[in-house]
Amino acid sequence: MTSAKSSRRKASEPIDLNAPQYYFNRSLSWLEFNKRVLHEAYDPRTPLLERLKFMAIFSTNLDEFFMVRVAGLQQQVESGILQGGADGMPPAEQLQAVRQYLIPIVTEQHRYFDQELRSLLAKEAIFLNRFQELEPEQQSYLNHYFQAQVFPVLTPLAVDPAHPFPYISSLSLNLAVLIRDPDSGQERLARVKVPNRFPRFIPLPQHLHSSEATHWVGVPLEDIIAHNLNALFPGMDIQSYFVFRITRSADLELETDKADDLLIAIEQEIRKRRFGSVVRLEVQRGIPPLLKQTLMEEMDLEEIDVYELDGLLCLNDLFAFMALPLPQCKDVEWHPQVPPSFQRVDERESLFDTTSEITTLGTDYWEATANELFGLIRERDLMVHHPYHSFTATVQRFITLAAHDPQVLAIKMTLYRTSGDSPIVSALIKAAENGKQVAVLVELKARFDEENNILWARKLEKVGVHVVYGVPGLKTHTKTVLVVRQEAGQIRRYVHIGTGNYNPKTAGLYEDLGLFSCRPELGADLTELFNVLTGYSRQRDYRKLLVAPVTMRERMLALIHRETEHCRNGRLGRIIAKMNAITDTQLIRALYEASQAGVEIDLIIRGMCCLRPGVPGVSDRLRVISIIGRFLEHSRIFYFGNNGQPEYFIGSADWRSRNLDRRVEAIAPIIEPSIQQELQELLEIMLADNRQAWELQPDGSYRQRHPKDGEPERGTHAVLMARTLKELQANDCHRP
């Protein structure tokens, strides 16, 4: 029995903040995030087709999780690595925990879609039927469609001693078909790939609908193929068939410091990715054990890697239903607005969507319009907030004007991800053709965008753009543009520092911030950062920017420690930080110390969070929420109270070791008082959210907030859309 004296001594002993119990596992924390995404599909407040969209997002996210995270854990197990992360869970245990966590979730996802959402779709006259549920006339139409369109494309592949097991592409749908030869009585296995050149769900024409009020009737393509297998195997008895799907590892294994040509090295790795090891097998429930065992053996899988599911596989394809013209089943349409500060510039926003009209405009137009925009930025820093503010009318306009403005001498830019038909890249090409010096850092290692970025890199190089691929051993993730302009005999530098990619398409879906500034210190810092990216430089100090991997970790720790010292000396300490993820042990430990000292800390973390809030004596003053909704929260905002003299920062980096140590990142201080006020209001709106916010509990689970009785609903995205429109209306009222 422990004595009172011994208990007091133990109570006064310092807490070991490195202890595993104070850290959540990264993989399980990410799965909790994806579970919150799936909840939007279950929530009756979400419009019906949006619920299908969230089903698809959950499945797409899960695919990437297996291709990257699970593949990495499997490699660690194969390499004999026993040590886990800060939470102490070894890789082999993590794989078991992932499966144990996922089985009930994906089982319920498929049950809910098949038994709940399909019924709700039917009430809206949208019918996703199985082939056997159709009327004979409808089946006849689809059989004819199969013979005329699908049959010529299919290649049935036998599996026997003369036909080795075929290559199966990652994420493709396949039919495993058991066939019996009536002459020999032998049973054989064959594989039929469901071709991806057709829509996944084949619609019936209007005249075959059961009612004029019916909006859509369709059937999964694999059902049509399955009911026409006799055409593929004439004279054989079809015993049974089962749909299956595999996921392959997608990690690139690059030694960038040894590659003579990074672009060629990545191209070679992309080709190898097609043959990555299989990390997951999804099969229809009820598959015969012998057939399942055959698939497992051929793909070198164990039971832990197999997921047996009811109903449709690959719910990713539910995205297709968003194309139906049914606004009553979708979120109210949102059109990003031109912010008041940019409305003084040429208001023809559509001009910057394409290059068709641009070629007809003369030098005088470009010079006058550019003078207007750059003059605005000289007056004061400007901040834009996507998707509430138009990307086209702000960021895209800034780059397009710089490309055509006769006074612009040089444009330097980082490209991490951009769209396939990028007007940003078109503007950079035009800038080079106009004789400007253009330097672009194209990050070839942006996961799943490698091929797209290689195409753009080659296109830019052909017109004389200086294209570089970054610093060996680091991924360049910073989102920055530097424009050098000659004005009245002097050189001025204009910058855009953002939290999101220069991608017009995702800018309408991702929530991001961007800062436009003409502050000399920021221009000088970006100049030196680009010198690091394009040349040889050991730059270690920056005037204003926090740059990873050289200064960011140190500066962030110093800012947290300063709040801690304020509280230890009887002053006020306050931290609010918004990010995609926080997993870095050193920063988490600093936050624990700050909480123990009395600093009030609110974190807005969309995804992974390895920090455990609300632990007595460790993180009592630490709160974490996650906001999930129609827009993907992507911006990073950092607020440090500094005893009444607050500092604000925005940038591209999360508090993860990869961002702080293995990436080139940039975070900028916000000096302009009006923008500081905007950021403060934005953080307050998110912290007050009672519709989209989920509170992280000490046990690692999340609890969704709901309005209390009589309390109005405050969803961040709805509040900010309404706020944006209100600001524009007020601005119109005050125009002369």
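Fair warning: this is a prediction, and the values are worked out from it, not measured in the lab.
Shown here is Asp300, whose CG atom has no more than 12 heavy atoms of other residues, nucleotides or ligands within 6.0 Å. Within 6.0 Å of CD in Gln132 there are more than 12 heavy atoms belonging to other residues, nucleotides or ligands. Counting heavy atoms of neighbouring residues, nucleotides and ligands inside a 6.0 Å radius, atom OH of Tyr510 does not exceed 12 of them. In Arg285, the CZ atom is crowded: over 12 heavy atoms of neighbouring residues, nucleotides or ligands sit closer than 6.0 Å. No more than 12 heavy atoms of other residues, nucleotides or ligands lie within 6.0 Å of NE2 in His144, so this atom counts as exposed by the packing criterion.
Taking Arg111 as the reference, Glu108, Glu116 meet the salt bridge (charged side-chain N to carboxylate O under 4.0 Å, His left out) condition, with sequence neighbours excluded. Every residue was checked against the side-chain hydrogen bond (donor to acceptor under 3.5 Å, both in side chains) condition with Thr107, not counting sequence neighbours, and none meets it. Residues satisfying the side-chain hydrogen bond (donor to acceptor under 3.5 Å, both in side chains) test with Glu302, not counting sequence neighbours, are none.
Looking at Leu121 and Leu52, their side chains come closer than 4.5 Å, going by heavy atoms from C-beta outward. Counting heavy atoms from C-beta outward, Phe244 and Arg191 have side chains that approach closer than 4.5 Å. Residues Val243 and Asn174 fail the side-chain proximity criterion, which asks for heavy atoms closer than 4.5 Å. Looking at heavy atoms from C-beta onward, Val306 lies in side-chain contact with Met296 at the 4.5 angstrom threshold. Contact check for Asp63 versus Leu171: side-chain heavy atoms found under the 4.5 Å cut-off. In this structure the side chain of Lys193 reaches within 4.5 angstrom of the side chain of Ser169, judged on heavy atoms. Within the 4.5 Å cutoff, side-chain heavy atoms of Leu62 are placed close to those of Leu102. Ile625 has its side chain out of reach of Leu696: every pair of non-hydrogen atoms, C-beta onward, lies at least 4.5 Å apart.
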Considering only distance and modelled atom types, tabulate donor-acceptor pairs under 3.5 Å from the side chains of residues 33-45, sequence neighbours left out.
| from | atom 1 | to | atom 2 | distance (Å) |
| --- | --- | --- | --- | --- |
| Asn34 | OD1 | Asn61 | ND2 | 3.0 |
| Asn34 | ND2 | Phe58 | O | 3.1 |
| Arg36 | NE | Ser626 | OG | 3.1 |
| Arg36 | NH1 | Glu32 | O | 3.3 |
| Arg36 | NH2 | Arg606 | O | 2.8 |
| Arg36 | NH2 | Ser626 | OG | 3.1 |
| Tyr42 | OH | Gln109 | N | 3.4 |
| Asp43 | OD1 | Arg45 | N | 2.9 |
| Asp43 | OD1 | Arg45 | NE | 3.1 |
| Asp43 | OD2 | Arg45 | NE | 3.3 |
| Asp43 | OD2 | Arg45 | NH2 | 2.9 |

Can you give each donor-acceptor pair under 3.5 Å made by side-chain atoms of residues 319-333, sequence neighbours left out, with the distance rounded to 0.1 Å?
| from | atom 1 | to | atom 2 | distance (Å) |
| --- | --- | --- | --- | --- |
| Lys330 | NZ | Met322 | O | 2.7 |
| Lys330 | NZ | Leu324 | O | 2.8 |

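Rounding to the nearest 0.5 angstrom, the gap separating the CZ atom in Phe113 from the CG atom in Leu120 is 11.0 Å. Rounding to the nearest 0.5 Å gives a distance of 9.5 Å between CG of Asp114 and CG of Leu315. Note that CZ of Arg197 and CG of Leu221 are 11.0 Å apart. Values are rounded to the nearest 0.5 Å. Annotation: the span from Arg69 atom CZ to Leu95 atom CG amounts to 9.5 Å, rounded to 0.5 Å. Once rounded to the nearest 0.5 Å, the distance linking CD1 of Ile628 with CZ of Phe54 reads 8.0 Å. Interatomic distance, Gln96 CD to Ile304 CD1, rounded to the nearest 0.5 Å: 3.5 Å.
Counting only residues at least two apart or in different chains, side-chain hydrogen bond (donor to acceptor under 3.5 Å, both in side chains) contacts with residues 210-231 comprise Arg130-Asp223, Asn143-Asn228, Arg200-Glu222.
Using a 3.5 Å distance cut-off with no hydrogens or angles, the side chains of Arg51 and Tyr112 do pair a donor with an acceptor. Asp512 and Ser635 form no side-chain donor-acceptor contact under 3.5 Å, judged by distance and modelled atom types alone. Side-chain atoms of Asp310 and His110 form no donor-acceptor pair, as typed in the model, at a separation below 3.5 Å. The closest side-chain donor-acceptor pair between Thr247 and Arg280 falls under 3.5 angstrom. Side-chain polar atoms of Gln337 and His389 form no donor-acceptor pair below 3.5 angstrom. Residues Asn690 and Arg705 bring no donor and acceptor atom of their side chains to less than 3.5 Å of each other.
Considering every non-hydrogen atom in both Ser249 and Val279, the closest pair reads N-CG1, 4.1 Å. Closest approach of Ser27 and Leu73 over heavy atoms only: OG-CD1, 3.8 Å. The minimum heavy-atom distance between His386 and Ala507, with the atom names listed, is CB-O, 3.7 Å. Taking every heavy atom of both residues into account, Ile605 and Ala581 meet most closely at CG2-CA, 3.7 Å. Val278 and Leu301 get closest at one heavy-atom pair: O-CD2, 3.3 Å. When all heavy atoms of Pro182 and Asp237 are compared, the closest pair comes out as CB-OD2, 3.9 Å.
No side-chain donor-acceptor contact under 3.5 Å links Ser29 to the backbone of Asn25. Without hydrogens or angle criteria, Gln697 side chain to Glu695 main chain gives a donor-acceptor distance under 3.5 Å. Using a distance-only test at 3.5 Å, with no hydrogens or angles considered, a donor-acceptor pair links the side chain of Ser390 to the main chain of Ala393. Between the side chain of Asp689 and the main chain of Ala693, a donor-acceptor pair closer than 3.5 Å is present. At distances below 3.5 Å, at least one donor-acceptor pair connects side-chain atoms of Glu711 with backbone N or O atoms of Lys708. The backbone N or O of Glu135 lies less than 3.5 Å from a partner atom in the side chain of Gln138, making a donor-acceptor pair. Here the side chain of Gln692 pairs a donor or acceptor atom with the backbone of Thr716 at under 3.5 angstrom. Side-chain atoms of Arg188 never come within 3.5 Å of backbone atoms of Ile179 as a donor-acceptor pair (strictly under, hydrogens ignored).
Classification of the Phe198-Tyr145 ring pair by plane angle, with boundaries at 30° and 60°, yields perpendicular. Ring orientation note: the planes of Tyr388 and Phe631 are nearly perpendicular, at an angle over 60° on the 30°/60° scale.
Taking the centre and axis of the six-membered ring of Tyr307, the NZ or CZ atom of Arg99 falls inside the cone set by 45° and 6.0 Å.
A salt bridge between Glu511 and Lys578 is present, with a side-chain N of the basic residue lying under 4.0 Å from a carboxylate O of the acidic one.
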